[in-house]
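Here's the structure we're looking at; comments come further down.
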Amino acid sequence: MTELHLGAADLTLRPWAPADAAVLPGLLDDPDLRRWTSHRAPDTAAAREWIARQRAGAVTGERTPLAVLLDGAVVGHLVLKRPDPTVPVGEVGYWIGARARGRGLAARAVGLITDWAFSASRGPRLDRLDLIHDVDNAASCAVARKAGYVLAEILPPAPRHPAPAHLHVRSRTGTAS
């Protein structure tokens, strides 16, 4: 498995490393992240387990989990999920810690992974990426729009998303499909 590293100016996306466990609990100790995500790591041991699960998903090819770095410091998480390799559709998920929010970092990170996901060099072809967030999460709606994703539909509550959710879509051709 070749480890992915993407970057642009002050932003870097790279695989999670065991050493990142030291900063993860502080990033996830955030009321907004507790509201919008299921990610939890109350201590370094839990953070190490979370990172190990992320890396295990990368080995199977089901996901490409990446630490988001701003000027070399870990400030968030980005993941490209590919649960069914026979379907050319993936899903992007992300979160940014409180200290780094409001700088356009999430939209830039989503844009980087989207461009990479649609590139010819990345492996199995993806024709569409989905970005799903709770209807009430206006900040995620803004991130999706800035990254070129189009609101395709409102999803009813489901086990994975217990509240109504927005489905934003971006296709390889740049249109919602």
What's the spacing between Arg48 CZ and Asp20 CG if we round to 0.5 Å? 12.5 Å
For the student: nearest non-hydrogen atoms of His133 and Ser140, plus distance: CG-CB, 3.5 Å
Are any of the side-chain nitrogens in Arg170 or Asp115 under 4.0 Å away from the carboxylate oxygens of its partner? yes
So which atom in Leu70 and which in Ala100 form the shortest heavy-atom distance, rounded to 0.1 Å? CD2-CB, 4.4 Å
Arg63 (side chain) donor-acceptor with Gly57 (main chain) under 3.5 angstrom: no
Val75 and Arg99: side-chain contact (heavy atoms from CB on, under 4.5 Å), yes or no, with the steps? CA-CA 8 Å; Val75 297; Arg99 287 175 276 156; over 6 Å; no
Gap between atom NE2 of His77 and atom CD of Gln54 - 0.5 Å precision: 4.5 Å
Is Pro157 close to Pro164 at the side-chain level, that is, under 4.5 Å between some pair of heavy atoms? yes
OG1 on Thr12 to CG on Asp71, rounded to 0.5 Å: 8.5 Å
Indicate if Trp116 and Val92 have the same hydrophobic cluster label, given that clusters are the connected sets of ILVMFWY residues with side-chain heavy-atom separations under 4.5 angstrom. yes
Between Ala106 and Val143 the two heavy atoms that sit nearest each other are CB-CG2, 3.8 Å
In this structure, CG of Asp32 is separated from CD1 of Ile96 (nearest 0.5 Å) by 12.5 Å
Would you say the side chain of Val89 lies within less than 4.5 Å of the side chain of Asp130, judging by non-hydrogen atoms? yes
Mind checking whether Val68 and Leu11 have side chains closer than 4.5 Å, heavy atoms only? yes
What are the two closest heavy atoms between Ala46 and Ala41, and how far apart are they? CB-CA, 4.0 Å
Side-chain heavy atoms of Leu80 within contact of Leu129, under 4.5 Å: yes
With a 4.0 Å cut-off on N to O distance, would you call Arg82 and Asp84 a salt bridge? no
Between Leu69 and Arg14, is any pair of side-chain heavy atoms under 4.5 Å apart? yes
Step-by-step side-chain contact (heavy atoms from CB on, under 4.5 Å) determination, His166 to Glu153: CA-CA 6 Å; His166 280 173; Glu153 68 179 289; over 6 Å; no
Nearest heavy-atom approach of Val135 to Ala165 is CG2-N, 3.6 Å
Is the closest side-chain heavy-atom distance between Val110 and Leu131 below 4.5 Å? yes
Which is it for Arg103 and Arg108 under the side-chain contact (heavy atoms from CB on, under 4.5 Å) test, yes or no, and what are the steps along the way? CA-CA 9 Å; Arg103 302 179 193 186; Arg108 290 172 51 210; over 6 Å; no
Can you tell me how far CH2 of Trp16 sits from CZ of Arg53, rounded to the nearest 0.5 angstrom? 12.5 Å
Is there a side-chain contact (heavy atoms from CB on, under 4.5 Å) between Leu24 and Ile51? Walk through the geometry before answering. CA-CA 9 Å; Leu24 193 54; Ile51 290 169; 4.1 Å; yes
Once rounded to the nearest 0.5 Å, what's the spacing between atom OG of Ser171 and atom CG of Leu126? 12.0 Å
Would you say the side chain of Leu27 lies within less than 4.5 Å of the side chain of Asp29, judging by non-hydrogen atoms? no
Connected via hydrophobic side-chain network under 4.5 Å: Trp50 and Val23: yes
Between Ala21 and Ala47, the two heavy atoms sitting closest are O-CB, 3.5 Å
Member of Val79, Leu78, Leu66 meeting the side-chain contact (heavy atoms from CB on, under 4.5 Å) criterion with Tyr94: Leu78
